[in-house]
Amino acid sequence: MANFSKSNVPQFSVDVYQNEYLPEGGRDVSAIVTVTATGGGTVGSAVAAPHLYSPGQGPSAAVAIMVDCSGSMDYPPTKMRNARDATAAAIDTLRDGVHFAVIGGTHVAKEVYPGGGRLAVADATTRDQAKQALRRLSAGGGTAIGTWLRLADRLLSSDDVAIRHGILLTDGRNEHESPEDLKAALDSCAGRFTCDARGVGTDWEVKEVTGIASALLGSADIVADPAGLAADFTQMMETAMGKEVGDVALRLWTPVGTNIKFVKQVAPTVEELTDRRTEAGPRAGDYPTGSWGDESRDYHVCVEVPAAGLGQEMLAARVSLVVPQPGGGSAHNLGAQGLVRAVWTDDMVASTSINPQVAHYTGQAELAQAIQQGLDLRKAGDMDGATAKLGRAVQLASASGNADTAKLLAKVVDVVDAAAGTVRLKAKVAEADEMTLETRSTKTVRVKK
């Protein structure tokens with residue numbers, strides 16, 4: 001078993017926010033679990049540890065950049081040029097020693113650089129060679145994103161590195177393979193690498209791009225103007241280079257008689273994790289969170305406990321952070337844990353007050369759902385239903401101080417009274433504005449503590 005040196009590994013902490021008091025007969029316990037990683041990147045002595053650091057050079061990482069080269073990337077021609085420039089900017093952002101590859105995606109996936117089924121190691125020479133290879137990229141062919149992801153997976157798994165990450169750019173719909181083929185590719189790649197996905201222009205399918213990012217625990221966004229690609233790719237790569245620990249899981253242990261109703265990430269975005277549980281021993285399960293740098297995220301955990309009498313209390317769940325080991329070996333515990341408690345009381349004030357963090361994130365999750373439902377109803381022609389849902393979204397965004405989402409909503413509806421959720425659908429909405437709202441609908445604001 002590898003030795004984990006605390007001085008070399010980011011320190012994780014877990015804070016639990018909840019109202020532990022339940023009324024007589026109460027069974028549902030909700031808690032917001034804040035996970036924070038600090039102190040990464042301060043590598044001192046060499047330490048060899050799976051999924052963490054490589055000897056002598058900090059965390060080892062591999063990155064695959066998947067660039068859409070389908071025929072539509074030539075309309076307008078500046079789109080392909082901007083994609084090449086953006087990929088070059090991302091390559092310039094690679095840290096020395098990071099393993100990388102560039103993939104050209106059409107109805108098939110092709111190795112653009114370095115080729116031969118392998119990864120290059122970033123230095124001045126390989127970065128220059130990769131940028132030379134980019135100049136040969138041209139548009140032509142269809143779109144089958146599953147093939148791009150499978151090639152990325154093969155390349156990323158060819159080297160023993162701690163962190164595996166993909167960046168995927170598309171400008172169109174996945175028309176040359178079935179939805180089942182894409183889903184099978186995502187299922188195959190899930191847990192093997194994380195992936196940020198970007199849609200450029202307005203001819204792509206939001207649910208495809210956000211679905212890719214969601215399945216692979218990455219971010220999704222729209223770059224409506226191709227001229228913004230280089231800045232976006234640079235920022236994505238900088239974020240990827242800041243990751244220090246790969247494959248972290250939120251482990252929940254619950255006592256006999258309890259049932260986990262749901263687990264979801266609620267900040268910085270809403271991400272459902274309930275169905276991604278893998279068993280981790282008696283009454284314990286792991287929920288994947290992907291890779292971490294210096295950052296903090298919030299999770300909403302809801303546990304159903306057995307009914308108990310007044311004055312009784314119990315541990316409803318124990319939360320810890322682990323790095324699961326390949327092949328089912330003993331997971332490495334990152335040393336942070338939090339407790340979710342249940343206490344039954346006849347004090348009505350105590351048992352009916354909602355914890356501010358829980359209330360806030362319940363509202364943020366409803367906000368994301370209201371936007372999705374409202375836009376779907378609008379596309380289906382149900383204008384009354386769309387108005388009601390988007391009005392509720394405006395109300396929630398206003399109440400929670402989610403100014404970014406409020407601005408995006410204001411491009412789709414005319415706000416009459418934000419506090420009351422009174423809106424009118426705009427007669428004309430720019431496609432880019434509607435797609436931006438849908439793509440960013442799951443972004444949340446953190447509760448003011």
Side-chain angles (χ1 to χ4, degrees), residues 57-106 108-141 143 145 147-149 151-156 158-159 161 163-172 193-201 218-219 221 223 225-243:
Q57 60 173 28
S60 61
V63 181
I65 306 172
M66 295 160 268
V67 184
D68 192 336
C69 296
S70 61
S72 57
M73 287 292 287
D74 246 351
Y75 300 95
T78 50
K79 201 190 287 182
M80 193 73 229
R81 186 170 71 242
N82 282 311
R84 284 194 294 264
D85 291 347
T87 307
I91 288 166
D92 278 335
T93 313
L94 286 165
R95 198 176 51 237
D96 277 355
V98 169
H99 303 207
F100 76 102
V102 180
I103 294 167
T106 59
V108 292
K110 293 180 180 174
E111 295 177 53
V112 174
Y113 183 83
R118 61 194 174 85
L119 298 168
V121 178
D123 59 25
T125 301
T126 56
R127 278 192 286 266
D128 187 57
Q129 289 171 349
K131 287 186 284 186
Q132 296 282 351
L134 285 175
R135 292 175 189 164
R136 299 192 291 273
L137 279 186
S138 60
T143 306
I145 294 173
T147 65
W148 315 355
L149 293 166
L151 176 56
D153 184 32
R154 285 198 298 276
L155 294 173
L156 291 172
S158 65
D159 284 5
V161 292
I163 292 165
R164 296 180 174 87
H165 190 74
I167 289 176
L168 185 148
L169 172 72
T170 184
D171 82 321
F193 66 96
T194 54
C195 184
D196 294 323
R198 295 293 184 268
V200 61
S219 66
D221 208 349
V223 186
D225 181 355
L229 277 174
D232 189 73
F233 266 46
T234 300
Q235 184 179 13
M236 270 195 292
M237 190 63 84
E238 284 174 349
T239 300
M241 292 298 94
K243 299 299 184 184

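Because only heavy atoms are used, hydrogens play no part in the values below, and waters and symmetry mates are left out as well, while side chains stay in.
- Summarising the geometry, atom CG belonging to Leu94 is positioned 11.0 Å from atom NE2 belonging to His99; distances are rounded to the nearest 0.5 Å.
- A salt bridge does not link Arg198 with Asp68: none of the charged nitrogens is closer than 4.0 Å to a carboxylate oxygen.
- In this structure, the side chain of Arg154 does not engage the main chain of Gly117 through any donor-acceptor pair within 3.5 Å.
- The backbone N or O of Lys110 sits nowhere less than 3.5 Å from a side-chain atom of Trp148 that would complete a donor-acceptor pair.
- Minimum heavy-atom separation, Pro114 to Phe100: CD-O, 3.8 Å.
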Working note: His165 + Asp196, criterion side-chain contact (heavy atoms from CB on, under 4.5 Å); need CA distance, chi angles, decisive distance, verdict.
CA-CA 8 Å; His165 190 74; Asp196 294 323; 2.9 Å; yes
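- Inter-residue side-chain proximity for Met73 and Ser138 is flagged as unmet; no heavy-atom pair is nearer than 4.5 Å.
- The nearest pair of heavy atoms linking Ala64 to Ala152 is CB-CB, 4.0 Å.
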List the steps and the verdict of side-chain contact (heavy atoms from CB on, under 4.5 Å) for Ile91 and Val102.
CA-CA 9 Å; Ile91 288 166; Val102 180; 3.9 Å; yes
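- For the side-chain contact (heavy atoms from CB on, under 4.5 Å) test with Leu149, the passing option among Leu151, Thr147, Ile145, Asp153 is Ile145; the others fail.
- Using modelled atom types and a 3.5 Å distance limit, the side chains of Thr126 and Asp123 yield a donor-acceptor pair.
- Here the side chains of Met241 and Val63 are in contact, with some heavy-atom distance below 4.5 Å.
- Listed for the Asn82 side chain is a donor-acceptor partner under 3.5 Å among the backbone atoms of Thr78.
- Counting all heavy atoms, side chain and backbone alike, Ala62 lies closest to Val161 at CB-CG2, 3.7 Å.
- Met80 contributes atom CE, which lies 13.5 Å from atom OH of Tyr75 (distance to the nearest 0.5 angstrom).
- The environment of Lys131 atom NZ is dense: over 12 non-hydrogen atoms of other residues, nucleotides or ligands sit within 6.0 angstrom.
- Rounding to the nearest 0.5 Å places CG of Asp221 at 8.5 Å from CE of Met236.
- The heavy-atom pair separating Asp159 from Arg164 by the smallest distance is O-NH2, 2.9 Å.
- Between Ala90 and Met237, the shortest heavy-atom distance links the atoms O-CG, 3.4 Å.
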Would Leu155 and Glu111 satisfy side-chain contact (heavy atoms from CB on, under 4.5 Å), going step by step from the backbone distance to the final call?
CA-CA 9 Å; Leu155 294 173; Glu111 295 177 53; 4.0 Å; yes
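- Nearest heavy-atom pair across Met66 and Cys195 is CE-SG, 4.0 Å.
- Other residues, nucleotides and ligands place no more than 12 heavy atoms under 6.0 Å from the CD atom of Gln235.
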